[in-house]
Trainee: 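Encoded as C-alpha cells, here's the structure I'll be asking about.
Just the heavy atoms: all of them, side chains too, but no hydrogens, waters or symmetry mates, feed the values below. The sequence lines fix the lettering, A, B, ..., with proteins before strands; numbering per chain opens at 1.
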There are 2 protein chains.
Amino acid sequence: MSLCCDPLLDLLDPRLFKALSDPNRITMFCQLADCCGGMTVSEMAERFPIDISVVSRHLALLRDAGLLKSTRDGKQVRYWLMVSDVVDRLRKIADALETCCLAAKTSACSPLEERP
Amino acid sequence: MSLCCDPLLDLLDPRLFKALSDPNRITMFCQLADCCGGMTVSEMAERFPIDISVVSRHLALLRDAGLLKSTRDGKQVRYWLMVSDVVDRLRKIADALETCCLAAKTSACSPLEERP
DNA sequence: TGTTCGTTTGCGCGATGATGCAAATGTAAG
DNA sequence: CTTACATTTGCATCATCGCGCAAACGAACA
C-alpha cells in the first residue's frame, strides 16, 4: 500500500525532529546560526550550565541528525551549522506537505477508505 | 543578552519537534495529509497495531503542538491537519534561519565572542 | 616519552515517554 | 433511564533521555 504522501514520509526523519526537541539543543542550534565561524565544544560549553560531556553529546546528536558538521582542528573539534541543508530540508517538507494535501483535495489519489 | 537569532529561537518550539519525533506520530501526520476529510480516532487506530488509547494520546499531543485541530461530531472526535499553519511555521523557520545566518556573515550583529 | 589540554565514552541516576489494560467520561439511541 | 459506542483518563511497565562524574582517547608540545 502506498500513499500520496510517501515523499513527505521520506522527508520526515524522526532524527531531525528529535534533535530539535530539546531546549538546550535548540539554543545550541541558534548559537551556531549566529556564529558563522562555527564553535568548538568548549566555546559552546561556556554558554551552558551543563557539563561539557553533555554538550559534546548534544552536538554529536545534532551532527548525526544532519544539522551540523564537525571538523577537527588540532585538539579542538569545531561544529558548523549546515544552513543551506537545513533550510532546504524544511522547505522541501513544507512543499511536500502542500503538494500532498492539494493532491488529496483534488482526488489525485484514492481516498484512504478505499485502500486494502 | 540578545541574539540576532532571537526570532528564530521564538519559532523553534520544542513541542513542535517533539510532536514529530515519534515514528507513529509521523505516520499519523502523513495519513491526515492524505485525507483531506480528517479522520476519527477509531479510523486512525484501524491503521496502527497499537491500542486506541495510545492513538488518542498521540493525536491529542499533535493537536496540543499546533499541528492538528479536533472537532466533535456526535460520539466521534475528528482530527484535521492544519496544513497552512504547519506550512507557514516551517517556511518561517527556514526564512529566519537564512536571515540570521546572513546577518551573522555580514556582521550585522556583534560576534558571540564579544558579548558579555 | 611523558605531560597537558580538548573531546569522547562508560556508567549510574532520576525524569520523561510510549504502550497496554481497565475504568471513567461523554454522546446518541432505544 | 438504560444501553451501546467512541473517546479519554488513571495506572503500571519498560525503554529512552538528559545529566554528572570519572575514565579513556587524541593531538600537540616540552
Trainee: Taking the nucleotide of DNA chain D with the nearest heavy atom to each, does A:I50 or B:S53 sit closer to the 5' end?
Mentor: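 Counting from the 5' end, the first nearest nucleotide belongs to B:S53.
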
Trainee: Going by side chain to side chain contact (heavy atoms under 4.5 Å, CB included), name the residues that satisfy it together with A:P23, two or more places apart in sequence or in a different chain.
Mentor: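 A:P23 satisfies side chain to side chain contact (heavy atoms under 4.5 Å, CB included) with B:P14 only.
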
Trainee: For the helix from C:dT1-D:dA30 to C:dG30-D:dC1, measure the angle between the helix axis at one end and the axis at the other, each built from five pairs, rounding to 10°.
Mentor: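 What I find for the helix from C:dT1-D:dA30 to C:dG30-D:dC1 is an axis angle of 10°.
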
Trainee: Counting only non-hydrogen atoms, which of residues 56-65 of chain B are less than 4.0 Å from DNA chain D?
Mentor: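 Here the set is B:S56, B:R57.
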
Trainee: May I ask you to list the residues of residues 66-83 of chain B, by number, that have any heavy atom positioned under 4.0 Å from an atom of DNA chain D?
Mentor: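 Result for residues 66-83 of chain B: B:K75, B:Q76, B:V77, B:Y79, sorted by number.
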
Trainee: If the condition is side-chain hydrogen bond (donor to acceptor under 3.5 Å, both in side chains), which residues does B:R78 pass it with, not counting sequence neighbours?
Mentor: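 None.
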
Trainee: Mind jotting down which residue pairs meet the salt bridge (Lys or Arg N to Asp or Glu O under 4.0 Å) criterion with at least one end in residues 14-27 of chain B? Sequence neighbours excluded, please.
Mentor: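 Matches after skipping sequence neighbours: B:D13-B:R15.
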
Trainee: At 4.0 Å (heavy atoms only), tell me whether B:P23 reaches a base, stays on the sugar-phosphate, or touches nothing.
Mentor: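 Answer is nothing: B:P23 stays at 4.0 Å or more from every strand.
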
Trainee: Going 5' to 3' along DNA chain D, which nucleotides are the first and last within contact of chain B (any atom under 4.0 Å from a heavy atom)?
Mentor: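 Boundary nucleotides touching chain B, in 5' to 3' order, are D:dC5 to D:dC11.
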
Trainee: For A:K69, which residues count as a side chain to side chain contact (heavy atoms under 4.5 Å, CB included) partner, sequence neighbours excluded?
Mentor: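 With neighbours one apart ignored, the set is A:W80, A:M82.
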
Trainee: Just to verify, what does B:S70 make a side chain to side chain contact (heavy atoms under 4.5 Å, CB included) with, not counting sequence neighbours?
Mentor: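 Side chain to side chain contact (heavy atoms under 4.5 Å, CB included) check on B:S70 returns B:R63, B:V77, B:Y79.
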
Trainee: Mind checking what makes salt bridge (Lys or Arg N to Asp or Glu O under 4.0 Å) contact with A:D10, not counting sequence neighbours?
Mentor: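 Listed in chain order: nothing, the list is empty.
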
Trainee: At the 4.0 Å heavy-atom cut-off to chain B, mark where contacts on DNA chain C begin and end, going 5' to 3'.
Mentor: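 In short, chain B contacts DNA chain C from C:dG17 to C:dA28.
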
Trainee: For A:D51, give me all partners under side chain to side chain contact (heavy atoms under 4.5 Å, CB included), at least two apart in sequence or on another chain.
Mentor: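 With neighbours one apart ignored, the set is A:S53, A:V54.
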
